[in-house]
Structures are given as C-alpha cells and as structure tokens.
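When reading the values below, keep in mind they use all heavy atoms of this one structure, side chains included, and skip hydrogens, waters and symmetry mates.
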Amino acid sequence: MRTLLALAVVVASLVAVGPVAAAQETEEEPVTITQADQPAGGIIVQPNSGVAPDDPGDRGGALQLTLLALILGFVGVAFYSIRRSSRKALAAQGRA
C-alpha cells in the first residue's frame, strides 16, 4: 500500500512539474525596470501608499480575506480533529 502511495506521489509531482519545466525552456527578453516603473522613493513601497481595493478580487479585497479565513478555519479543524483522535487513541490504550 505504501509503495502504491509513493508511486502516486511521484507520478503526480512529475505531472505537475512537467508543464512548468517546458514553459521555462522558451527564451524571452529580460525585463528591464526603468525609474518610471518603480514606486516613488525607491523599490520598497511605503505603508498606506497604495489604493483601496475596488473589486472583491483585488489585493486586500473581500475574496482574499474570505480565502484567508477559510484556510485558517480548515487548519484549525484539522488540528482539532488530530488532537481529538489522538486523545481517543490514548484513552483506548489506557494511557490518558
């Protein structure tokens, strides 16, 4: 069973990396950044110098914040589930 799982992981990783490696083979001209392309005052953007999100999908918009909340929620549920199942297993062994 473990070898089948390991084989599936290897195949999935090769499938995922294949198109990325192929896409990098094309040669493109290097991007040059001019002074006009940089933010005022240098390369590091100053705090509160951006624009507020207009669309829910913009950076800092409602969709991004919702996605962050969902990710944190799923991590919390996974942590709780693992903790609960480990406590049940310890109790079944009589060590809790």
Handout entry: Cluster companions of Ile82 among Ile, Leu, Val, Met, Phe, Trp, Tyr (side-chain spacing under 4.5 Å)
Key =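 Its cluster partners, ordered by chain and number, are none at all.
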Throw together a table of side-chain donor-acceptor distances under 3.5 angstrom for residues 59-81, partners on residues two or more places apart or in other chains.
residue	atom	partner	partner atom	Å
Gln64	OE1	Gly60	N	2.8
Thr66	OG1	Ala62	O	2.7

Problem - Nearest-0.5 Å distance, CZ of residue Arg87 to OG of residue Ser85 - result: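 The OG atom of Ser85 is 11.0 Å from CZ of Arg87, to the nearest 0.5 Å.
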